[in-house]
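Computed over heavy atoms, backbone and side chain alike; hydrogens, waters and symmetry mates excluded. For reference, positions follow the sequence shown, starting with 1. Order of listing sets the numbers, starting from 1, for every ligand and every atom in it.
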Amino acid sequence: MRIDILSVVPRLLDSWFGESILQRAQQKGLAEVVVHDLRAYSTDKHKRVDDYAFGGGAGMVMQIEPIDRCISALKAERAYDEVIYMSPDGERLDQPLANRLSTVNNLIILCGHYKGVDERVREHLVTREVSIGDYVLSGGELAAAVLSDSLIRLLPGVLNDETSALSDSFQDGLVAPPVYTRPAEYKGWKVPDVLLSGHEARIEAWRHEQALVRTRERRPDLPGAASETFGEG
Ligand code: SAH
């Protein structure tokens, strides 16, 4: 998967993609993230990318030309499955959407700033708008990093244990069961006996039951909360 991110503050994204799982995914050749500075596509002699809003009002608006020039240059190189604009009024990111988008080959993600982008960008250049939640950030970079991370960790081979992403919260309509590691007892606080039993089927049943209990307590809105009964019957 290749992700091209368009930004007016590209440095904001450096550390995010330069460390840990996302860095390893790129080193293994499973994902490629390329960040583009929109100022490089400005034809203005001061490299401006924004201007005052027509009709007045506070806040600058990102201009269409640098965005169009950048997207056109990318599209001349390869076909893109989606051009996504990160926007608080877009479709809300959730695990099913991340699952679907993780199967595409090439993605452009546009980060807004200031008051956002000229509406004609949204009408003519963007194929999808995604929000990471009902709150407003000062720029789209964090949101683009959230979206990219949620996709890249799903690519086969990115996580060491391939089944790991599948057992995360939301994948089966349930939240994840609790996890423990050594020591088995700390200050008198014990790990549940079943996890130390070595009995795989019992451990699996316990985990499923815990996921179900947690989902019912915390997220009764998820499909898994209603649809299943406890494993061992
Ligand atoms: N005036 C706009 C907000 C602009 S915030 C409005 O009221 O809707 C500046 C930029 O940050 C946006 O263009 C968008 O790219 C990004 N952004 C802010 N909040 C976001 C969110 N919840 N999800 C995705 N992107 C967001």
Under the criterion side-chain contact (heavy atoms from CB on, under 4.5 Å), which of Arg214, Arg216, Gln210 is the partner of Leu212? Arg216
I'd like to know if Leu147 and Trp16 are part of one continuous hydrophobic network [Ile/Leu/Val/Met/Phe/Trp/Tyr, side-chain heavy atoms within less than 4.5 Å]. yes
Between the CG atom in Asp94 and the CZ atom in Arg100, the distance rounded to the nearest 0.5 Å is 7.5 Å
Could Arg48 and Asp51 be called an ion pair, given the rule that one side-chain N must be under 4.0 Å from one carboxylate O? yes
Write out each pair where an N or O from ligand 1 and one from the protein are under 3.5 Å apart, with the distance.
unit_1, atom_1, unit_2, atom_2, d
ligand 1, 1 (N), Lys115, O, 3.2
ligand 1, 11 (O), Gly140, N, 3.4
ligand 1, 13 (O), Tyr85, OH, 2.7
ligand 1, 15 (O), Met86, O, 2.6
ligand 1, 15 (O), Gly112, N, 2.9
ligand 1, 19 (N), Leu137, N, 3.0
ligand 1, 22 (N), Gly133, O, 3.0
ligand 1, 22 (N), Tyr135, O, 2.8
ligand 1, 23 (N), Ile132, N, 3.1
ligand 1, 25 (N), Ser87, N, 3.4

Only residue of Arg122, Arg120, Lys115 satisfying side chain to side chain donor-acceptor pair (under 3.5 Å) with Asp118 is Arg120
When rounded to the nearest 0.5 Å, the distance separating CD of Gln26 from CD1 of Ile152 is 6.0 Å
